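Residue numbers start from 1 in every chain, and the chains themselves are labelled A, B, ... in the order their sequence lines are given, proteins ahead of strands. Predicted model, so just to flag it, every value in this text is computed and none were measured.
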Amino acid sequence: MTQELSSSLPGNFIREAIEEDLRTGRFNYVRTRFPPEPNGYLHIGHAKAICIDFGMAQTFGGQCNLRFDDTNPVKEDVEYVDAIKEDIHWLGFDWEGREYYASDYFEQLYQFALKLVRKGKAYVDDLTADQIREYRGTLTEPGKESPYRHRSVEENLDLFQRMRNGEFPDGARVLRAKIDMASPNINLRDPVMYRIIHTPQHHRTGNQWCIYPMYDFAHGQSDSIEGVTHSLCDLAYEDHRPLYDWFLNELEIFHSRQIEFARLNLTYTILSKRYLKQLVDGGHVHGWDDPRMPTLCGMRRRGYTPEAIRNFINQVGVAKKENLVDISLLEYLVREDLNKRALRVMGVLNPLKVVITNYPDGQVESLEAINNPEDPAAGTRQVEFSKVIYIDQDDFREEPPPKYFRLAPGREVRLRYGYIIKCEGFVKNSTTGEIEEVHCTFDPQTKGGYAPDGRKVQGTIHWVSAHSARDAEVRMYDRLFTVPDPSRAEEGKSFLDYLNPNSLTVLKGCKIEPGLANAIPGSHYQFERKGFFCVDLDSTPDRPIFNLTVPLRDTWAKIEGTQKNKPD
RNA sequence: UGGGGCGUAGUGCAACGGCAGCACACCAGACUUUGGAUCUGUGGAUCCUGGUUCGAAUCCGGGCGCCCCAGCCA
């Protein structure tokens, strides 16, 4: 946690509400919590919640607890709790040892339930799940009371005890709150508080319990036990607030204030654990940390930085309006951050061999290159130049379109930090039509790329000496979906129908500066004129692998695009 | 047709009865040994409708539209 984080957090309605509570004396301290269920990996939508939960606590000099809402052993696993903790730390937040679990409170929660049973406010119901649904009524019609609703306190106590003792199979009975089957708010129509689950074992409590509280019966009380003042959550829980209020009032325990905000939605991706799991299980991506995934581990592997993500969350703001944020904002902030810190290098993605015909055979010379024009402290490095070099195929055109500044027959171009060269000819494969080799001459007077005669050379291209280049694999990523909002699929389609078939392009035989082969996994570089790249987790010096984090803005692509679209 | 919530440039967020502003996106230009970065500039919004008020995005009434809720998921 850093200091500037809180000061950069913009004002919003939640902050105002907390200020009001402090002013009016409703609370005299601030405590929040981030409550993930350990049933999947964190994604950027969670990052919003994390930044708000931890950020608000920090803004007001309070604390933010990490609490796992682990009330459903069927879906949860330790695999996820470890990953969640790692991701929160990576994002830049720390719960200072306050790592709690709803399962820590199972006994307390059980006692709470007992209290409601004794007060005649809860009962054991023998109806099946299907029957409970039928009895619940509909959105417009009131529900019916269960025939078991009026059991005596003694019978309820006995049955609930026996549920805990494991005398009944899964689904045989549940404990329900006795509220109002005719309530217009369906959450108040005698919601289920406890259900029986014998298997699997709980990841923390093992086989200690065979009854588990529902989220609705656990969350508010867990907040209460922890003295959470502000329970910040998704809009979806707005309807549940009256239920939490009811529990807290009947239990006569500390009452947190719940404030709901709209979850984050991002264009061209999907932010739903259920859908993300489908992408992983269906093999549409290579795992939760696939760089195309909007998960925090995926973004980390892709090369997004925690700073950029935090800035993004701050820029996006907090409100109650449903939103769909343009992913280009995130990309902009990633570039902004990386621009300041990523070392520049030259990497040729689709190599095209260039022979400098008037350069002496076997000669190799060393040229000075700047590591980061945005940061003089990054210094310089030496790059080798020789008779044969590689340039990108994009940088040569046999027939250059208007405004094309790069290499073409008879044209001059500057090799970055190298020489000005002129294209004198090329070799074309007569059967495939592919350009196989370009022949150029260099101007010895232009070492370093300077033209002493003041002549204008518009284009500057990147290159790598064939003599020293190393091969690398580069994974180019594009958006995962072809439409801005894949969750809104049209009739008869699912979000899977909008997967972008070109979201991953693996380039092999790319040519990189030799020093880059030893780059540390996770480190960031800018391949000049191409984009920001990150050394992949699986990269080794023998087999370097880079992930495209985000491409550089490509004005030329835009110009060329509009040229093509013009009917001429 | 029940209940809850939300409507401000293309997108997201401000403006809390007093000149509707910021960021991204878009468009144009300057600069440039990255067609990057940087700098400058243009265009573009208060859902509709009554009312209160000197004055309304803001307060009140009435519409309209969108989202969420009928798990023994969270």
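Looking at heavy-atom distances under 4.0 Å, A/Pro373 makes contact with a base. A/Arg414 comes within 4.0 angstrom of a base, heavy atoms only. Looking at heavy-atom distances under 4.0 Å, A/Leu415 makes no contact with the nucleic acid at all. Here A/Thr138 lies in heavy-atom contact (under 4.0 Å) with a base. If you check every strand for non-hydrogen atoms under 4.0 Å, A/Asn323 touches sugar and phosphate atoms only. Within the nucleic acid shown, A/Tyr194 has no heavy atom closer than 4.0 Å to any nucleic acid atom. Residue A/Leu127 is in base contact, counting any heavy-atom pair closer than 4.0 Å across all strands shown. Among the atoms of the strands shown, base atoms are found under 4.0 Å from some heavy atom of A/Tyr404.
Residues A/Thr305 and A/His524 approach most closely at CG2-NE2, 3.8 Å, considering heavy atoms.
Phosphate contact (OP1/OP2 of B/C72, side-chain N/O of A/Arg136, threshold under 4.0 Å): present. For B/A37, the OP1/OP2 oxygens have a side-chain nitrogen or oxygen of A/Arg553 closer than 4.0 Å. For B/C67, neither phosphate oxygen OP1 nor OP2 lies less than 4.0 angstrom from any side-chain nitrogen or oxygen of A/Lys321. Between A/Thr71 and B/A74, a side-chain N or O to OP1/OP2 separation shorter than 4.0 Å is present.
One cannot find a donor-acceptor pair under 3.5 Å joining the base of B/G35 and the side-chain atoms of A/Glu560. Within 3.5 Å, a donor on the side chain of A/Asp239 pairs with an acceptor on the base of B/G3, or the reverse. A donor and an acceptor atom sit less than 3.5 Å apart, one in the side chain of A/Arg406 and one in the base of B/G35.
The nucleotide whose nearest atom lies closest to any side-chain atom of A/Gln526 is, among B/U34, B/C73, B/G12, B/U34. Of the listed nucleotides (B/A25, B/A74, B/G35), B/A25 has the atom at the smallest distance from the side chain of A/Tyr332. Residue A/Leu329 has its side chain nearest to B/A23 when only B/C73, B/A23, B/A70 are considered.
Taking atom CD on A/Gln315 and atom P on B/C13, their separation rounds to 13 Å, with Å as the unit. A/Asp77 has its CG atom 17 Å from the C1' atom of B/C73, to the nearest Å.
Between the side chains of A/Tyr244 and A/Asp216, at least one donor N or O lies within less than 3.5 Å of an accepting N or O. Side-chain contact, A/Gln526 with A/Glu528: no donor N or O sits under 3.5 Å from an acceptor N or O.
Proximity of residues 128-135 of chain A to RNA chain B (heavy atom under 4.0 angstrom from any strand atom) is restricted to A/Thr128, A/Ala129, A/Ile132, A/Arg133. Contacts of residues 195-205 of chain A with RNA chain B (heavy atom under 4.0 Å): A/Arg195. Using a 4.0 Å cutoff on non-hydrogen atoms, the parts of residues 209-221 of chain A near RNA chain B are A/Met214, A/Tyr215, ordered by number.
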N/O contacts under 3.5 Å, protein versus nucleotides 41-44 of chain B?
none

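Within the cation-pi definition used here (under 6.0 Å to the ring centroid, within 45° of the axis), A/Arg67 does not qualify as a partner of A/Tyr100. A cation-pi contact, defined as under 6.0 Å to the ring centre and within 45° of the axis, links A/Arg204 to A/Tyr101. The cationic atom of A/Arg176 (NZ for Lys, CZ for Arg) does not lie both less than 6.0 Å from the six-membered ring centre of A/Tyr123 and within 45° of the ring axis.
Annotated as anti: B/G36, whose O4'-C1'-N torsion sits more than 90° from 0.
Residue whose closest nucleotide on RNA chain B sits further toward the 5' end, between A/Glu322 and A/Thr140: A/Thr140.
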Audit row: A/Phe546, A/Phe533, ring pair (Phe, Tyr, Trp, His ring centres under 6.0 Å) steps and yes/no: CA-CA 6 Å; A/Phe546 292 84; A/Phe533 292 80; 7.1 Å; no

Trace of the salt bridge (Lys or Arg N to Asp or Glu O under 4.0 Å) decision for A/Glu374 with A/Arg341: CA-CA 8 Å; A/Glu374 305 293 320; A/Arg341 47 210 280 194; over 6 Å; no

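Ring-plane geometry between A/Phe247 and A/Phe217 is classed as perpendicular, the angle between the planes exceeding 60 degrees on a 0 to 90 degree scale with a lower cut at 30.
Annotated stems with RNA chain B as a participant read B:2-7 with B:64-69, B:10-13 with B:21-24, B:27-30 with B:38-41, B:47-51 with B:59-63, given as range with range, by first number; only runs of 3 or more Watson-Crick or G-U pairs under 3.5 Å qualify.
Qualifying side chain to side chain contact (heavy atoms under 4.5 Å, CB included) partners for A/Pro184, counting only residues two or more places apart in sequence or in other chains: none.
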